[in-house]
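What follows is a single structure, written as structure tokens, with notes after it.
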Amino acid sequence: MSSYIHSELHEDFLLKPSKVDDVIKLLHEIAKSSKEKAEVDISAGVTDTNFMVMHRTNVTKKSKSLSKKNISGKSNTNQMTFMRQIDVSEEERKKVREERIYVANNFRRLGNAEYRKTNFDKAIEYYSRGLTYINDSPVLFVNRSLCNIKKREFKRALLDLDHVLNHLDGCCLRAWLYKAGTLKRMNNEAGYEECIGNARRFNSGNLQYIDMFLDKMRSDF
């Protein structure tokens, strides 16, 4: 019987050191070295119900710090502007308003002159320019509304008249009378009667003037 044994069936490798054991030993040493570095596991404590981030990077802190500086800078600017406004005395504010009223009155006079010439568009322009200086003048709004009434621009006229009555002077006689005349031209009899009633109620000392206006309105308004 032949004593030949195939090379792959030799068992001499059992007597040699195992390379598998060497590899396993090396892996254990690497793992031990990694543990000694005590690295932080950022996924520690993260579950399906607990995923809050409890640590912020330095970049975020820097950005937050810069944001605070920007807000602080804007706040200081606003405070400085506010302080400048407070520093303006009541007398100075009064003087500035008087100057603006003076300019507005000049535009009103120019508008009146154009109105007498029946240049209603030009008059409206002057009244509007006056309102850019003093925007709480009932006279300028009422005068401008009368020009629009003459042009049969009744809705435009009502805008000015309602602004006066609702925001500037709820008792303004001319505003009530002009609104009454406008609504009369628009065939709004109920509105007309209401405005005349308010004109009489708020201006009981001018009933004669109101009656004179109504007589004139029947022929020329």
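Computation of the quantities below employed the complete heavy-atom set of this structure, encompassing side-chain atoms and omitting hydrogens, waters and symmetry-equivalent molecules. We count residues from 1, following the sequence as given.
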Each residue besides Leu165 in its hydrophobic cluster should be listed here, by chain and number; the cluster joins Ile, Leu, Val, Met, Phe, Trp and Tyr at side-chain heavy-atom distances under 4.5 Å.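 Trp176, Phe202, which link up through side-chain heavy atoms under 4.5 Å apart, make up the rest of the cluster.
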
With sequence neighbours excluded, what pairs up with [X] under the side-chain contact (heavy atoms from CB on, under 4.5 Å) test?
X	answer
Glu193	none
Leu110	Phe107, Tyr126
Ser128	Ile124, Arg144
Asn135	none

Residues at least two apart in sequence or cross-chain that pass salt bridge (charged side-chain N to carboxylate O under 4.0 Å, His left out) with Lys122, listed by chain then number, are Glu125

All salt bridge (charged side-chain N to carboxylate O under 4.0 Å, His left out) counterparts of Arg97, not counting sequence neighbours: Asp136

List the residues meeting ring pair (Phe, Tyr, Trp, His ring centres under 6.0 Å) with [X], not counting sequence neighbours, and say none if there are none.
X	answer
Tyr192	none
His167	His163
Phe154	none

Listed partners of Glu91 passing side chain to side chain donor-acceptor pair (under 3.5 Å), at least two apart: none

In chain order, what residues pass the side chain to side chain donor-acceptor pair (under 3.5 Å) check against Arg201, with sequence neighbours excluded?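 For Arg201, the residues satisfying side chain to side chain donor-acceptor pair (under 3.5 Å) (neighbours in sequence not counted) are Asn198.
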
